[in-house]
**Student:** 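One structure coming up, written as structure tokens, with questions to follow.
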Amino acid sequence: MMAALLHLSTLFSLLATILSIAESISIDCGSTGSYVDSNNVTWVGDKGFVTTGEPMKIPDVITKPINTLRYFPTGQTNCYTNIPVTKRQKTLVRTKFYYENYDGNFSPPSFDLVYDGKHRDSVEITESLLNNEETFYYSELIFAPANESISVCLIRTSPSDNPFISSIEVYSLDVGMYADLGPSEGLITRQRTACGAKESISYPLDPYGRPWYPLGADDTLADLTTSAPSIDITGASNKPPEVVMSKASSSLGESIKLSNLALPLTGLPVYLALYFSEPQTLGRTQRRSFNVFLDETQVGSGPIIPIFGKATQLVLRDVVATSGSQIVFQSTGDSVLPPIINGVELFSISNSRNGGGGGGGRSQSSGGNNDFGGEAKNNGGKKKKNKLPLILGVAFASAFVILSSTFGAIFLRKRQNAKPQSNTTPTTSTENGTGTGMSPLVEQQFASDADHSYVVQDDHH
């Protein structure tokens with residue numbers, strides 16, 4: 001009986017692992033086996049997700065997962081497939097690229113990415129990122145998958161450049177986050193800034209895996225820290241982390257101007273999210289009030305008045321912006337205190353429901369400043385069917401068998417105790433019920449224009 005219970009406990013641990021995989025997964029491209037990093041994130045190798053390309057271990061680099069990669073010397077399109085996600089739930093997918101002259105050519109490649117056959121982004125790595133383990137390029141998308149698995153395809157755009165990839169990370173977002181994103185749309189991250197922060201912020205401080213980078217040096221701004229014991233973020237549906245909302249940048253004059261946006265000169269329809277929280281308790285004569293503009297378009301229906309200890313969120317989408325655009329925060333006439341900003345997210349909209357959109361812009365580096373700078377086919381053969389529902393079905397059926405065997409054994413033993421004359425000893429099944437032929441996933445675990453714009457405002461004044 002104890003053996004059966006032990007096997008049952010192991011089985012439920014397996015179920016928990018599988019369910020957690022469905023919520024998030026981190027793939028170390030070019031590696032085998034699995035490991036847990038310093039943030040308690042489990043990484044798995046890429047076997048079972050890709051059938052083409054060559055794995056490579058980068059000499060003299062020890063930091064995981066950037067010490068391995070997979071490059072693709074042949075084929076126009078090479079795809080990772082069967083990556084588990086939650087159907088129709090907002091999902092963040094991030095791909096990272098650490099070149100480090102792995103091929104000896106001293107020539108970082110350029111290539112395109114297509115997420116799930118719909119959302120396209122471009123990767124353009126510069127030589128300035130060589131020999132720096134702290135800096136890498138990444139591409140990031142937020143969207144709602146139509147199925148229970150997604151693909152990430154690397155598209156060759158130059159005959160002399162071999163696409164490569166270092167890692168793939170997937171995080172499920174909570175219901176309500178980025179709620180005004182259409183079912184066929186995607187948000188390609190252009191910039192995510194923690195104003196007033198001194199260093200980058202990411203998981204686990206942001207449980208949704210979003211990296212936030214400092215605004216960078218600016219002699220027209222002052223850094224502020226909240227005096228509130230905690231920040232209530234329920235007023236911001238995108239759930240910026242509390243640590244981001246605890247810092248702010250304040251103007252030394254009457255306005256803040258954020259420029260050098262990570263957008264192309266030709267412009268793209270954008271999704272802009274701004275986050276505010278008043279860092280200090282204001283006296284009766286003190287007032288902080290300001291308007292926000294993206295170029296000539298006002299963000300929100302009126303002045304922003306941040307609330308002490310609470311987060312306020314403003315969203316503007318479908319306005320076309322360029323690398324020359326500016327986000328301007330301008331004090332109102334009755335404001336005593338200058339404008340502030342706690343956090344900024346800027347995305348281009350892929351497959352915008354109002355037309356236009358798509359990726360095609362620069363990928364981002366992990367630098368700490370304001371400058372972030374057709375359906376693909378799988379060359380790896382026939383796409384594999386997602387095995388997650390089958391695994392869950394087998395596991396739950398096995399659990400039922402083990403429970404039945406265990407309680408049956410208890411019942412027989414009670415009958416045995418009631419008839420001491422019997423020489424028959426009941427047998428208890430100790431089969432763990434996990435079966436054979438587990439999927440590779442389980443094996444790895446265990447080895448547009450301004451006329452159409454509109455604004456969404458989340459505030460609780």
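If you read the sequence from its start, that first residue is 1, and numbering goes on from there.
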**Student:** Is there side-chain contact between I155 and F111, with at least one heavy-atom pair below 4.5 Å?
**Tutor:**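 The answer is no; the side chains never approach within 4.5 Å.
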**Student:** Please give me the minimum heavy-atom distance between S277 and P306, naming the atom from each residue.
**Tutor:**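 Shortest heavy-atom contact: C-CB, 4.0 Å.
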**Student:** Would you sort out whether S151 and D116 count as a side chain to side chain contact (heavy atoms under 4.5 Å, CB included), showing the intermediate values?
**Tutor:** CA-CA 5 Å; S151 63; D116 214 28; 4.0 Å; yes
**Student:** Would you check if D318 and S352 make a side-chain contact, meaning some heavy-atom pair closer than 4.5 Å?
**Tutor:**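 Yes, side chains in contact.
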**Student:** I'd like to check N101 versus D103 (side-chain heavy atoms, cut-off strictly below 4.5 Å). Are they in contact?
**Tutor:**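 Counting from C-beta outward, N101 and D103 do come under 4.5 Å.
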**Student:** Can you name the residues that form a salt bridge (Lys or Arg N to Asp or Glu O under 4.0 Å) with D218, not counting sequence neighbours?
**Tutor:**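 D218 satisfies salt bridge (Lys or Arg N to Asp or Glu O under 4.0 Å) with no residue once adjacent residues are dropped.
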**Student:** Just do the salt bridge (charged side-chain N to carboxylate O under 4.0 Å, His left out) check on K64 and D28 with the steps written out, would you?
**Tutor:** CA-CA 8 Å; K64 295 182 177 182; D28 186 346; over 6 Å; no
**Student:** With sequence neighbours left out, what residues match D223 under salt bridge (Lys or Arg N to Asp or Glu O under 4.0 Å)?
**Tutor:**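 D223 satisfies salt bridge (Lys or Arg N to Asp or Glu O under 4.0 Å) with K198 once adjacent residues are dropped.
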**Student:** Verify, without hydrogens or angle tests, whether D232 (side chain) and K310 (backbone) share a donor-acceptor contact under 3.5 angstrom.
**Tutor:**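 Here the side-chain-to-backbone pair does not exist.
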**Student:** Check ring-ring contact (aromatic ring centres under 6.0 Å, His included) between Y71 and all other residues, then give those that pass, not counting sequence neighbours.
**Tutor:**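 Checked Y71 against ring-ring contact (aromatic ring centres under 6.0 Å, His included); matches are Y102.
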**Student:** When rounded to the nearest 0.5 angstrom, what distance separates CG in L187 from CG in L141?
**Tutor:**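 Reported value, rounded in 0.5 Å steps: 7.5 Å.
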**Student:** Can you tell me how far CD1 of I340 sits from CG of L221, rounded to the nearest 0.5 angstrom?
**Tutor:**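 One gets 12.0 Å once the value is rounded to the nearest 0.5 Å.
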**Student:** With sequence neighbours excluded, what pairs up with S325 under the side chain to side chain donor-acceptor pair (under 3.5 Å) test?
**Tutor:**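 S325 satisfies side chain to side chain donor-acceptor pair (under 3.5 Å) with D295 only.
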**Student:** Do you know the tightest heavy-atom contact between L252 and A222?
**Tutor:**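 That would be CD2-CB, 3.7 Å.
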**Student:** Of all residues at least two apart in sequence or in a different chain, which pass the side chain to side chain donor-acceptor pair (under 3.5 Å) check with R288?
**Tutor:**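 Residues passing side chain to side chain donor-acceptor pair (under 3.5 Å) with R288: E278.
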**Student:** Distance check, rounded to the nearest 0.5 Å: K57 atom NZ versus L69 atom CG?
**Tutor:**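 If I round to the nearest 0.5 Å, the distance is 10.5 Å.
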**Student:** In this structure, are over 12 heavy atoms from other groups packed under 6.0 Å from E254 atom CD?
**Tutor:**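 12 or below, so no.
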**Student:** Applying side chain to side chain donor-acceptor pair (under 3.5 Å), name anything that partners T226, two or more places apart in sequence or on another chain.
**Tutor:**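 Partners of T226 under the side chain to side chain donor-acceptor pair (under 3.5 Å) test: none.
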**Student:** Is any NZ, NE, NH1 or NH2 atom of the basic residue among D46 and R70 found under 4.0 Å from an Asp or Glu carboxylate oxygen of the other?
**Tutor:**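 Salt bridge present between D46 and R70.
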**Student:** Rounded to the nearest 0.5 Å, what separates atom OG in S110 from atom CD1 in I125?
**Tutor:**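 Going from the OG atom of S110 to the CD1 atom of I125 covers 7.5 Å.
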**Student:** Looking at I256, L346, V299, L258, which hits side chain to side chain contact (heavy atoms under 4.5 Å, CB included) with I327?
**Tutor:**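 Per the side chain to side chain contact (heavy atoms under 4.5 Å, CB included) rule, the option paired with I327 is L258, out of I256, L346, V299, L258.
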**Student:** Measure the spacing between OG1 of T52 and CD of E54 and express it to the nearest 0.5 Å.
**Tutor:**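 Taking OG1 in T52 and CD in E54, the distance rounds to 9.0 Å.
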**Student:** With E185, which residues qualify under salt bridge (Lys or Arg N to Asp or Glu O under 4.0 Å), at least two apart?
**Tutor:**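 Residues passing salt bridge (Lys or Arg N to Asp or Glu O under 4.0 Å) with E185: R317, R353.
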**Student:** Check whether any side-chain heavy atom of P211 lies under 4.5 Å from a side-chain heavy atom of Y138, and answer yes or no.
**Tutor:**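 In contact.
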**Student:** Name the residue from R210, R190, R192 that meets the salt bridge (Lys or Arg N to Asp or Glu O under 4.0 Å) definition with E140.
**Tutor:**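 Considering R210, R190, R192, a salt bridge (Lys or Arg N to Asp or Glu O under 4.0 Å) with E140 is found only for R192.
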**Student:** Return the set of residues passing ring-ring contact (aromatic ring centres under 6.0 Å, His included) with F329 (not counting sequence neighbours), or none when no residue passes.
**Tutor:**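 Applying ring-ring contact (aromatic ring centres under 6.0 Å, His included) to F329 gives none.
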**Student:** What residues form a salt bridge (Lys or Arg N to Asp or Glu O under 4.0 Å) with K247, not counting sequence neighbours?
**Tutor:**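 For K247 there are no salt bridge (Lys or Arg N to Asp or Glu O under 4.0 Å) partners, ignoring immediate neighbours.
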**Student:** Return the minimal non-hydrogen interatomic distance between W212 and V344, and the atom names on each side.
**Tutor:**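 Shortest heavy-atom separation between W212 and V344 comes out as CZ3-O, 4.1 Å.
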**Student:** If the condition is side chain to side chain contact (heavy atoms under 4.5 Å, CB included), which residues does T91 pass it with, not counting sequence neighbours?
**Tutor:**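 With neighbours one apart ignored, the set is V85, V93, P145, V170.
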**Student:** How close do P339 and S255 get, heavy atom to heavy atom, and via which atoms?
**Tutor:**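 Closest pair (atom of P339, atom of S255, distance): CG-CA, 4.0 Å.
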**Student:** Over all heavy atoms of both residues, which pair between P338 and S331 is shortest? Give the atoms and the distance, please.
**Tutor:**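 Answer, listing the atom of P338 first, then S331: CA-OG, 3.9 Å.
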**Student:** Check the pair N78, V50 against side chain to side chain contact (heavy atoms under 4.5 Å, CB included), reporting the backbone distance first and the verdict last.
**Tutor:** CA-CA 8 Å; N78 291 273; V50 64; 5.9 Å; no
**Student:** Which pairs count as side-chain hydrogen bond (donor to acceptor under 3.5 Å, both in side chains) when at least one residue sits in residues 153-167, sequence neighbours excluded?
**Tutor:**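 Output for this query lists R156-N162, S158-S160.
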**Student:** Locate the shortest heavy-atom distance separating S172 from Y208; write the atom from each residue and the value.
**Tutor:**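 Of all heavy-atom pairs spanning S172 and Y208, the closest is O-CD2, 3.9 Å.
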**Student:** Going through the distances and angles, do S323 and L261 end up as a side chain to side chain contact (heavy atoms under 4.5 Å, CB included)?
**Tutor:** CA-CA 5 Å; S323 57; L261 304 184; 5.8 Å; no
**Student:** Say whether Y115 and S139, considering side chains only, have a donor N or O and an acceptor N or O under 3.5 Å apart.
**Tutor:**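 A pair is found: one side chain offers a donor N or O, the other an acceptor, under 3.5 Å apart.
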**Student:** So how far is it from I62 CD1 to N67 CG, rounded to the nearest 0.5 Å?
**Tutor:**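 It is 8.5 Å, given to the nearest 0.5 Å.
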**Student:** With heavy-atom distances below 4.5 Å as the criterion, would you say the side chains of S184 and K118 are in contact?
**Tutor:**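 SC-SC contact between S184 and K118 ruled out.
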**Student:** Donor-acceptor pair, E199 side chain versus P214 backbone, under 3.5 Å?
**Tutor:**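 Such a contact is absent between E199 side chain and P214 backbone.
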**Student:** Counting distance only, does the side-chain N/O of T68 pair as donor-acceptor with the main-chain N or O of C29 below 3.5 Å?
**Tutor:**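 Present.
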**Student:** More than 12 foreign heavy atoms under 6.0 Å from CG of N40: is that the case here?
**Tutor:**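 Not more than 12 within 6.0 Å, no.
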**Student:** For a side chain to side chain donor-acceptor pair (under 3.5 Å) check, start with the C-alpha distance between S237 and Q313, then their side-chain angles and the critical distance, and finish with the verdict.
**Tutor:** CA-CA 7 Å; S237 61; Q313 167 182 310; 3.1 Å; yes
**Student:** Are side-chain heavy atoms of Y271 and E345 found at a separation under 4.5 Å?
**Tutor:**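 A side-chain contact under 4.5 Å is absent here.
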**Student:** Taking the side chain as everything from C-beta on, heavy atoms only, tell me whether T322 gets closer than 4.5 Å to T266.
**Tutor:**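 No, every pair of side-chain atoms sits at 4.5 Å or beyond.
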**Student:** Who are the ring-ring contact (aromatic ring centres under 6.0 Å, His included) partners of F290, not counting sequence neighbours?
**Tutor:**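 If we apply the ring-ring contact (aromatic ring centres under 6.0 Å, His included) test to F290, skipping adjacent residues, the hits are F276.
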**Student:** For the pair K96 and E169, find out whether any cationic side-chain nitrogen is under 4.0 Å from an anionic carboxylate oxygen.
**Tutor:**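 Yes, charged N to carboxylate O under 4.0 Å.
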**Student:** Quick one, T95 with I168, criterion side chain to side chain contact (heavy atoms under 4.5 Å, CB included). Give me CA distance, side-chain angles, the key distance, then yes/no.
**Tutor:** CA-CA 5 Å; T95 50; I168 302 173; 4.1 Å; yes
**Student:** Determine whether V244 and Y275 make a side-chain contact, defined as any pair of heavy atoms from C-beta on separated by less than 4.5 Å.
**Tutor:**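 In short, these two side chains do not touch, never coming nearer than 4.5 Å.
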**Student:** Students often mix this up, so state it plainly: with edges at 30° and 60°, are the rings of Y99 and F164 parallel, tilted or perpendicular?
**Tutor:**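 Ring orientation, 0 to 90° scale: tilted.
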